[in-house]
Amino acid sequence: MLIARPDGIPMVCRSSSVVEKELGITKEDIGKKISIEDYNAACKKAVMRYTDVWNDMTRRIGFWLDLEKPYVTYHTKYIESVWHLLKKLYDDDLLYKGYTIQPYSPAAGTGLSSHELNQPGTYKPVKDTSVVAMFKVNKDHASEFLFKDAFGDVFILAWTTTPWTLPSNCALTIGPKLEYVRVKSFNPYTHEPQTMVLAKSRLSAYFNEKNENASFDEYKKDGKNIPWKVGGGFYGHQLEGIRYEQLLPYAQPEGGDAFKVIGGDFVTTEDGTGVVHTAPSFGADDMRVARQHGIGTLTLVDLQGRFTHEMGEYAGKYVKNEYYPTGQAPEKSVDVELSIKLKEMGRAFKVEKYEHNYPHCWRTDKPILYYPLDSWFVRTTAKKDRLIALNKTINWKPESTGTGRFGNWLENVQDWNLSRSRYWGIPLPIWRTEDGDEELCIGSLKQLKEEIARAVKAGVMKSDPYASFTPDDMSETNYDTIDIHRPYVDNIVLVSPSGKPMKRETDLIDVWFDSGAMPYAQWHYPFENKAAFKDSFPASFIAEGVDQTRGWFYTLHAIATLTQDSVAYKAVVSNGLVLDKVGQKMSKRLGNAVDPFKTLDEFGADAVRWYMISNASPWDNLKFDAEGITEVQRKFFRALFNTYNFFALYANIDGFDLQAPQVAESERTEMDRWILSRLNSLIAACDAAFGDYEPTIAARAVQDFVVEDLSNWYVRLNRRRFWKGEQGNDKNAAFQTLHRCLEVVAMLSAPVAPFFSDRLFRDLMGSSVHLSSWPKSNASAIDVELEQRTALAQKLTSLALSIRKKDSTRRSSPTSRSSAPEWASR
RNA sequence: UGUCCUGUAGCUCAGUUGGUUAGAGCGCUACACUGAUAAUGUAGAGGUCCGCAGUUCAAAUCUGCGCAGGACAACCA
């Protein structure tokens, strides 16, 4: 069973953002400028359009797919199967609602899962304004030791690449075991005397060695060559509990005791000052450590990525300039404005541009924020051991991807954030009371109908909007009568056991769940096709790009493990990428991408396929060079075509009879027996190679056989047998031998060159090669000794030609006698 | 920063469990052939097997440390 994706999941994923772009709207406008119905209809159309392109490519390149019955994730039946899986997870306590810091895309208005963040191209190098901010220490019993012969006020230095999070600062985190020092010096902007606390090992990053212990009196207040002096060291834990003045007091944190120094094990001294500015709302680590110490939170940014009304002069400004509509971004980002403000306040120690990799949303291409959100999670961490154990039973090609890349990923598996705040996708089938005390997960339309009936009876709904649907009727017409997408499904209000109304959680689920649910949902399992599902699950193998390691490979594996306690596939071929001929990744931006349709037009599908398969193993990156395709055409296909033409020419002249009885082996010449031995060896080699998911080895073996053995040696030396006038066993043997070779070559090359091989086979046999049985190697026809002897003869022939060449002996003049030393056989 | 892959002739790639002088195709150069079917043959030039160190009688191959390219991951304040 081959899993393939007839509708192309990534296209479905992207269709919504593509549609938004085409319609010239943003997510904000949905429900206002355009109704959700119209919007979803546009999305549906976009899917269809991509489907056509995909189908066209599939046919032309000869993918072996059932295009008549693609699975389509927006069909009601597909969604019902997904709901069934979700219900199963829910019943096993593997689905829960949680409040965590998550990657969030304000531009798309939705949270992102870890594997969405793991798509290629999400992390990009960006230049941000970074600030070393100065937090003023309150003098009290705990901090007294810092004030001993202090020089000006005492500050703790903390570095951030996201100055917009500084107003939401609630704590400072230090490493309890790290060494810290006090440094007396001057503020580089206000030139006031001040004492600063930072990690000892970070001194050299911020203070020039040659100015250490320089005269304070001689400082010219120009910010250059600032003298400094170390005023004593101590360990991080001595700082814990010290309180400081809020840096930017726009609003007060809630739910805790903020503005103190706390200890965290994640603090390092690789960057910054060894002190982490902690804004619990905008960092996963920050939230965790703040909870541990009861710090509370402050979230001064809204879901659109703008500062909230409390932020005074900054209220309403986007925290990243990228969030403004094109052309409307202010000259100074809030990061810059805040930095200037801090400089003026005397609370900035260093402001500079800092280049680092920052994650971007794959829908909008804009930077993401880390933001506190309510979300539904799949508790994959609970099944980590099974995920790992089952993975070990999968045959990965190449193996290292499974043990290395995928294995490491599973070792560090996180709970899967399923929630998406969007409109076009599969709705989460969970209904909740307003207080969240009662909830219900729906696993089928039948169950939904029953619950609707109860709700109507209880009076929370007037009527059943899905009245046209008949439970247990699996016909398409029945399923086509209803739509369980948003907004329709949002109109359903159910009733809780205690009689309260329950509304649907408004989230959609991660589209990757859709694709991972494919083995079940394509069959509408378990509502229909139980046998077909059982026959095809788990899949024998799947093939996809290695970049899908954390995408499709993972979601298939996770869902199968959690819901079936099984693998979803027994083997994986993870393809490498197609690079351009100098080894650069192809991209539209660089203009080095090859148009697949053009390439197919120019060379034909078989030459392209043969080139790609024979040139490099599927998992190795392929340096795509069109000259390689012409070489394949010249060498392999021309040799095969000419060999067939030679056969056909004389077979037609002589009226070769396919049905005639086979000439006995003893009646065939030694060379007949040799090529048939080579042929059966080839069958065995190809069988082993294909069986081990090594198509490259198989294709190369077939190519060598055709070019060297069959065309260049057998046909060349046996031409006279085909030419001669009289019929007879010898001539028949030649025809039958060559015919058999061509027949088998057609069969062996069918997986790689499906069109050429089919034509060849039809011409030879009158039927399709793709309906023929895979050839079996006949061990008794293999004569290893004969193959070795012939190899020797080939070598001697070449040597003889070489000698003739040296002696300038004409090739057409016969040689009466030649001899070779015995060592030539080695 | 981590994980994984790759590195052999100008190019694309082979190279088994370590074992004589490291191979093929293409390209290049030269010569011959046109009695090989729309397919020719022979020869030649071209290599620090990415580098260094180690194991070994023996390393392209095994080990370690690097370098370069690529993919993927990462809360990096």
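Residue numbers start from 1 in every chain, and the chains themselves are labelled A, B, ... in the order their sequence lines are given, proteins ahead of strands. Just so you know, these numbers use all the heavy atoms, side chains as well, and skip hydrogens, waters and symmetry mates.
For A:Pro359, whose side chain is taken as the heavy atoms from C-beta onward, the closest listed nucleotide among B:rC76, B:rA77, B:rA38 is B:rC76.
Atom pair A:Trp610:CH2 and B:rC13:C1' shows a separation of 16 Å (rounding to whole Å applied). Spacing between atom CG of A:Asp704 and atom P of B:rC13 amounts to 16 Å, rounded to whole angstrom units. Between the CG atom of A:Leu640 and the P atom of B:rA38 there is a distance of 17 Å, rounded to whole Å. When the C1' atom of B:rC72 is taken as reference, atom CG of A:Leu410 falls 14 Å away, rounded to whole Å. A:Phe641 places its CZ atom 9 Å from the C1' atom of B:rA38, with the value rounded to the nearest Å. The distance between atom CZ of A:Phe637 and atom C1' of B:rA38, rounded to the nearest whole Å, is 17 Å. Here B:rA14 presents its C1' atom at 13 Å from CD of A:Glu694, a figure rounded to the nearest Å. In this structure, A:Phe646 atom CZ and B:rA36 atom C1' are separated by 10 Å, rounded to whole Å.
Checking B:rC11 for Watson-Crick or G-U wobble geometry (two distances, each under 3.5 Å) identifies B:rG25 as its partner. When both distances must be under 3.5 Å, the Watson-Crick or G-U wobble mate of B:rC76 does not exist. Remark: B:rG35 base-pairs with no nucleotide in the shown strands. Criterion, Watson-Crick or G-U wobble with two distances under 3.5 Å. The base-pairing partner of B:rA71, taking Watson-Crick or G-U wobble contacts with both distances under 3.5 Å, is B:rU3. In a base pair of the Watson-Crick type (N1 to N3 plus N6-O4 or O6-N4) or a G-U wobble (N1-O2 and O6-N3), with each distance short of 3.5 Å, B:rG51 is matched with B:rC65.
Using C1' as the reference atom, B:rC33 and B:rC50 are 43 Å apart when rounded to the nearest Å. Between B:rA9 and B:rG47, the two C1' atoms lie 6 Å apart (nearest whole Å). A distance of about 26 Å separates the C1' atoms of B:rC76 and B:rC67, rounded to the whole Å. Between the P atoms of B:rG70 and B:rA32, the separation comes to 48 Å (whole Å). Here, B:rG44 and B:rG27 have their C1' atoms 14 Å apart, quoted to the whole Å. Taking atom C1' on both B:rU21 and B:rC65, the two are 32 Å apart, rounded to the nearest angstrom. For B:rA59 and B:rG15, the C1' atoms lie 14 Å apart once the distance is rounded to whole Å. The C1' atoms of B:rG69 and B:rU34 are separated by 47 Å, rounded to the nearest whole Å.
The side chain of A:Tyr370 contributes an N or O atom lying less than 4.0 Å from OP1 or OP2 of B:rC76. Put simply, A:Asn712 has a side-chain N or O that comes within less than 4.0 Å of OP1 or OP2 on B:rG41. OP1 or OP2 of B:rA77 lies within a sub-4.0 Å distance of a side-chain N or O belonging to A:Thr161. In this model, the phosphate group of B:rC13 is approached by a side-chain N or O of A:Asn615 to a distance below 4.0 Å at OP1 or OP2.
Among residues two or more places apart in sequence or in another chain, the ring-ring contact (aromatic ring centres under 6.0 Å, His included) test is passed with A:Tyr644 by none. Checked against side chain to side chain contact (heavy atoms under 4.5 Å, CB included), A:Arg721 has the following partners two or more places apart in sequence or in another chain: A:Thr669, A:Asp672, A:Tyr714, A:Asn718, A:Asp730, A:Ala733, A:Ala734. Remark: A:Phe282 pairs with A:Trp164 by the ring-ring contact (aromatic ring centres under 6.0 Å, His included) rule, at least two apart or across chains. Shown here are the side chain to side chain contact (heavy atoms under 4.5 Å, CB included) partners of A:Ser339, two or more places apart in sequence or in another chain: A:Thr129, A:Val131, A:Pro163, A:Val351. Under the ring-ring contact (aromatic ring centres under 6.0 Å, His included) criterion, A:His739 pairs with A:Phe647, A:Phe656, not counting sequence neighbours. Partners of A:Phe722 according to the ring-ring contact (aromatic ring centres under 6.0 Å, His included) rule, which considers only residues two or more places apart in sequence or in another chain, are A:Phe646, A:Phe735.
More than 12 heavy atoms of other shown residues, nucleotides or ligands fall within 6.0 angstrom of atom NZ in A:Lys384.
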Pairwise N/O distances under 3.5 Å, protein to nucleotides 3-5 of chain B:
from  : atom 1 : to       : atom 2 : distance (Å)
B:rU3 : O2'    : A:Asn408 : ND2    : 2.6

Could I get a table of every N or O pair under 3.5 Å where one atom is in the protein and the other is in nucleotides 22-27 of chain B?
from   : atom 1 : to       : atom 2 : distance (Å)
B:rG25 : O2'    : A:Glu631 : OE2    : 3.0
B:rC26 : O4'    : A:Glu631 : OE2    : 3.4

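Counting only residues at least two apart or on different chains, the side-chain hydrogen bond (donor to acceptor under 3.5 Å, both in side chains) pairs with a member in residues 694-707 of chain A are A:Lys397-A:Glu694, A:Trp610-A:Gln703.
Nucleic acid contact class of A:Val275 (heavy atoms, under 4.0 Å, all strands): none.
With the nearest nucleotide of RNA chain B identified for both A:Arg700 and A:Arg719, A:Arg700 has the one nearer the 5' end. Taking the nucleotide of RNA chain B with the nearest heavy atom to each of A:Ser711 and A:Trp159, the more 5' of the two is matched to A:Ser711.
A:Pro398 has its side chain within reach of A:Ser574: a pair of non-hydrogen atoms, C-beta onward, lies under 4.5 Å apart.
Note: A:Phe756 and A:Phe637 meet the aromatic proximity criterion, with ring centroids under 6.0 Å apart.
Side-chain contact, A:Asp606 with A:Tyr611: no donor N or O sits under 3.5 Å from an acceptor N or O. In this structure, a donor-acceptor pair under 3.5 Å is absent between the side chains of A:Thr165 and A:Ser168.
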